[in-house]
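Lettering of chains follows the sequences in order, A, B, ..., and the numbering in each one begins at 1. Predicted model, so just to flag it, every value in this text is computed and none were measured.
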Protein chains: 2
Amino acid sequence: MSKDTLPGLTLCNNAMLRRAARKLGQFYDDVMAPSGLKATQQGLLYQIHIGNEPAMGAIAASLIMDLSALGHTLKPLIRDGYVETFADPDDRRIKRVRLTPQGLVKLDEAMKLWHIAQQRFEDVAGKEQAERLRAALDHIAALDFDLPPAAP
Amino acid sequence: MSKDTLPGLTLCNNAMLRRAARKLGQFYDDVMAPSGLKATQQGLLYQIHIGNEPAMGAIAASLIMDLSALGHTLKPLIRDGYVETFADPDDRRIKRVRLTPQGLVKLDEAMKLWHIAQQRFEDVAGKEQAERLRAALDHIAALDFDLPPAAP
DNA sequence: TTCATTTAGTGGCATATGCCACTATCTTGA
DNA sequence: TCAAGATAGTGGCATATGCCACTAAATGAA
């Protein structure tokens, strides 16, 4: 196969996913910029908000994110006073997370912008398509890629 | 609306996209680990390979990636001797990129692993579904979110 | 030709994410 | 009860990505 006829990156599921994520991330970030939050941060604040003072591990699990990555991502939000953590009294290994009052205010502000971005996306991409896409992405996130171990 | 009944993050197109990207990225990275390349690096090497000594701007455009981000991402690959750059003789602003011989060898090695990951993904997710997903993602990447300027 | 404008990249700074080694806690089995 | 093993997070290091200010080079208009 000559190099000139090689298929592009459109064949790689992972590459396409990342590429679309960059595109959409830029758009959502753009719209959210006035709040001073990135879309990822807004999403994280929201996840904390809807959780019941969730443990870090629980947040990481629902976002399918490495626990240490979550810790890093949380740092600027704690530094800026939007989030605070406290040890679970029943198990001091567990660190729980909650929004501060300012965090709640900031989340409200960010959610307004999020709605704008979300609406604009669905206007452009189509509401049905967006819904199907989210379902497909949720499905992927739930897949199990482990090879079944040889049954004993 | 009570906090307990708030919808989860499954409603945000961007959050779902990032979440799926983390999941799939972890899987592809896992499979590619023996090559010492991350999936992103393999994708970048491939993109350089199929291009005709592409300019940095051209690569960034096809990957929908910030030009400076591409520059950063390229650094470890240059440091490890897989990629080299040279100024375009006709326009010295332009910097072109190509694989070194070792880069080509490494890409071959990585592509073998990529095929395994890709195959496994399509086994688990379904070949048809994967194809539809890639098409949907490509569609999103091509969208234009700009609000139409008020017609003069 | 000359200077303003546009184009292509770079470098610095900041967030996003992951892996690994290590610490602090719980849990459990002897 | 106590030591081995499992759990939850942290910190360090590395890559992934973006924005902004700045430089170099080409283009275009006066």
When the distance from [atom1] of [X] to [atom2] of [N] is rounded to whole Å, what number comes out?
X       : N      : atom1 : atom2 : result
B/Met56 : D/dA24 : CE    : C1'   : 15 Å
B/Met32 : D/dA16 : CE    : P     : 11 Å
B/Asp88 : D/dA25 : CG    : C1'   : 12 Å
A/Ile64 : C/dC19 : CD1   : P     : 13 Å

Regarding [X], tell me which of base, sugar-phosphate or nothing describes its non-hydrogen contacts under 4.0 Å with the strands shown.
X       : value
B/Ile94 : sugar-phosphate
A/Ser68 : base
B/Arg79 : sugar-phosphate
A/Asp66 : base

Strictly distance-based, threshold 3.5 Å: is any side-chain N or O of B/Lys106 a donor or acceptor partner for the main-chain N or O of B/Ser35?
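Checked: pair present.
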
Look at the side chain of B/Arg134 and the backbone N and O of A/Met16, then say whether any donor-acceptor pair between them is shorter than 3.5 Å.
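Not at all, since once roles are kept as given, no pair shorter than 3.5 Å links the two residues.
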
Are any of the side-chain nitrogens in B/Arg22 or A/Asp66 under 4.0 Å away from the carboxylate oxygens of its partner?
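A/Asp66 and B/Arg22: not salt-bridged.
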
Can a side chain N or O of A/Arg22 be found less than 4.0 Å away from OP1 or OP2 on D/dT17?
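Yes, A/Arg22 has a side-chain N/O under 4.0 Å of OP1/OP2 on D/dT17.
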
N or O in side chain of B/Gln26 less than 4.0 angstrom from C/dG18 OP1/OP2:
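Checking C/dG18 against B/Gln26, a side-chain N or O does come within under 4.0 Å of OP1 or OP2.
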
Please determine whether any donor N or O and acceptor N or O are separated by less than 3.5 Å between the side chain of A/His72 and the base of D/dG12.
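Answer is yes: a donor-acceptor pair is held.
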
When you measure only distances, ignoring hydrogens and angles, does the side chain of A/Arg92 come within 3.5 Å of the base of C/dT25 through a donor and an acceptor?
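Between C/dT25 and A/Arg92, which were checked side chain against base, a qualifying N/O pair under 3.5 Å is absent.
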
For A/Tyr28, which of A/Lys23, A/Gln42, A/Gln118, A/Arg120 qualifies under side chain to side chain donor-acceptor pair (under 3.5 Å)?
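Option passing the side chain to side chain donor-acceptor pair (under 3.5 Å) with A/Tyr28: A/Gln118.
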
